[in-house]
Amino acid sequence: MKSDPSHRRSKLRRHVSACYNSFRYLGREGVWLTREMARAKRFQQGGNVEAMWLSLDGARDIASRIRGQRTKFASGWKNLVEYELALFDIPAAARTVARAMEFGLTDSPDTAANVERISLETQAWNDNIVEAGANLRDRSIMVKPTSDTLLILLPSTAFGLDTPSEPTLRKSLRFIFREIIATCRENSIAYEVRGRLANHGTPQVENGRLYISHHSVGPDGRGLHIKATDRPSCFSFDSLGYSGWSKFAATPLQELGLEGINTNVQDFNREKERIILGNVSKYQQSASDTVLSGKYVFVGLQKPGDAVQQLARMPMLEMLREVVGTCRERGIAVVVKRHPKCTSGEIARELDRGVKAGIYHVSNASIHDLIAGSCAVCVVNSSVGAEALLHEKPVYLFGAAEYQHVCFRINAAGDFAKVFRPDELPVTPEILRRFLHLLRHEYAVDVTNHVEAKAYIHRKVLGHVTR
């Protein structure tokens, strides 16, 4: 008996559909896990603790599914490692990587080495890491409000896997918080450690209690806020926050004590040479490249979702249009560089339109090459502005930043056209050098110099708890 051709076709369609759906959903758990953790982070950042716990519950269920089925594990194991590290469970991450190694999964050897580095670097204060993870993984753990102990909010960012764009960030944060804890132990400072997922916002802390946290703000001055600056391995410590939220930014230039700083021109030039010729920047830069010849203004863009965009005097794309309009009237070209982590479709479309219309040029050259060839640099409050100051270029700031004291401040539409003066600084070179010295050595510290960094961190912590 011959089979029905239509039946065979129907069976084939069902088979193809099943294969398609199997492929379609393969790896979804890993993506869902990462998204659920991002949601938990945003909820904590916004102060919605109950919603954070619900997201963490959802993430735990997804993680269980990834662990429980080999096909899901094969596609989602790396997301699982990031999840376990975010909750400070280094042993669990090590077990996941060991299983991935057994299966011979791609990237497992490098990830295993990364997790091993984290484990070795944190052995001396592992008890505090366990404490931080416990109060994030188990909501039943009651935290007794204790206003007379220092609260250290350990950032989950410090325990993520290294990334090519910021290869030293997490290692540097682990060093910083290790030294914070060492300072407390050596000076008999009572402290408590809690885990923190959030990457911005004001931490929810008991009234009157002093705390230390990463990538945060706190207008009451009870916090010591730590944040990466424009250079890799360089971090700021401030009692109010970072960028335009910082106490450093709020202090008038004449009250910063610049007159007491002696700067050596040769030392300043050596530092310029080290950073500029070494192509050193917060994010890895492309090799030195030829940029636009002739006079141009360089505009450094940021990620639209960056927290510091809250400090913008006008939306970023409006800034770009204002700069373009003024420069066009004066016959000056404009070169734009997109933020290396920007994924905004709106930004991509706007830049594409501008290039096609011949309004400006878009470049992916090294930030230092782009700054060096410019007659001025325009930013909302990007770290590019701080880098441009080292080049001794005039910076037009359309927001608020820690380096705003030595920039042209643009507060409203039309201001740029009124104050724009190519190649002219708003302060003398001597004041600029003194300010940059203060910015680098008091507001922030380079943790690659361990001796200097340890002394700086110890001084900041002791000053914070004894003020």
Side-chain angles (χ1 to χ4, degrees), residues 121-122 124-125 128 147-155 157-158 168-169 171-193 196 203 205 208-243 245-253 255-264 267 271 386 402-403 405 433-467:
E121 290 170 13
T122 55
W125 50 297
N128 294 126
S147 60
D148 58 347
T149 61
L150 176 67
L151 177 60
I152 300 173
L153 296 170
L154 195 61
T157 301
T168 63
L169 173 64
K171 180 181 178 68
S172 297
L173 283 172
R174 291 193 293 272
F175 168 81
I176 289 169
F177 278 87
R178 185 192 76 192
E179 290 307 312
I180 289 169
I181 288 171
T183 301
C184 292
R185 290 176 174 176
E186 291 165 10
N187 293 276
S188 300
I189 299 170
Y191 69 94
E192 175 196 348
V193 177
R196 184 170 187 259
V205 177
R209 190 172 191 181
L210 297 178
Y211 63 93
I212 299 177
S213 66
H214 167 249
H215 213 304
S216 54
V217 297
D220 58 11
R222 290 187 291 121
L224 182 59
H225 306 273
I226 300 162
K227 172 70 169 61
T229 66
D230 58 298
R231 298 182 189 177
S233 305
C234 194
F235 291 79
S236 61
F237 287 65
D238 190 276
S239 61
L240 296 182
Y242 65 95
S243 188
W245 289 287
S246 64
K247 183 179 181 181
F248 190 85
T251 304
L253 183 63
E255 296 178 18
L256 288 175
L258 296 186
E259 64 280 355
I261 297 174
N262 294 317
T263 56
N264 184 298
D267 289 342
E271 178 70 354
E402 69 276 14
Y403 55 84
H405 308 79
R433 287 194 291 269
R434 289 181 179 184
F435 178 81
L436 288 178
H437 179 88
L438 197 66
L439 187 72
R440 300 300 179 204
H441 299 284
E442 181 54 37
Y443 175 68
V445 66
D446 185 349
V447 300
T448 57
N449 183 333
H450 281 192
V451 174
E452 181 181 322
K454 285 181 180 182
Y456 177 95
I457 293 168
H458 290 207
R459 184 172 73 251
K460 286 291 184 179
V461 173
L462 290 174
H464 185 59
V465 299
T466 60
R467 62 201 181 109

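No hydrogens, no waters, no symmetry mates; every other heavy atom, side chains included, goes into these values.
Across C234 and A444, no two heavy atoms sit closer than the pair SG-CB, 4.1 Å.
With values rounded to the nearest 0.5 angstrom, I226 atom CD1 is found 10.5 Å from K460 atom NZ. Interatomic distance, L256 CG to E442 CD, rounded to the nearest 0.5 Å: 10.0 Å. Here R209 contributes atom CZ and E192 contributes atom CD; the two are 4.5 Å apart, rounded to the nearest 0.5 Å. N449 CG to K454 NZ: the interatomic distance, rounded to the nearest 0.5 Å, is 11.0 Å. Atom-to-atom distance recorded for T168:OG1 and L173:CG is 9.0 Å, nearest 0.5 angstrom. From N128, atom CG reaches atom CD1 of I181 across 4.0 Å, with rounding to the nearest 0.5 Å.
With sequence neighbours excluded, the residues that form a ring pair (Phe, Tyr, Trp, His ring centres under 6.0 Å) with H225 are Y211. For Y403, the ring pair (Phe, Tyr, Trp, His ring centres under 6.0 Å) criterion is met by no residue, not counting sequence neighbours. Evaluation of the side-chain contact (heavy atoms from CB on, under 4.5 Å) rule for H437 yields I261, T263, H441 as partners, not counting sequence neighbours.
The backbone N or O of T229 sits nowhere less than 3.5 Å from a side-chain atom of S236 that would complete a donor-acceptor pair. D446 places a side-chain N or O within 3.5 Å of a backbone atom of T448 that can act as its donor or acceptor partner.
Under the 30°/60° scheme for interplanar angles, the aromatic rings of H405 and F435 are found to be tilted.
If you check the side chains of T157 and R196, you find no donor sitting under 3.5 Å from an acceptor.
Enclosure of atom CG in N264 by more than 12 non-hydrogen atoms of other residues, nucleotides or ligands within 6.0 angstrom is indicated.
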- Message: Could you walk me through whether D238 and W245 satisfy the side chain to side chain contact (heavy atoms under 4.5 Å, CB included) test, starting with their C-alpha distance in whole Å, then the side-chain angles of each, then the deciding distance to 0.1 Å, before giving a yes or no?
- Response: CA-CA 9 Å; D238 190 276; W245 289 287; over 6 Å; no

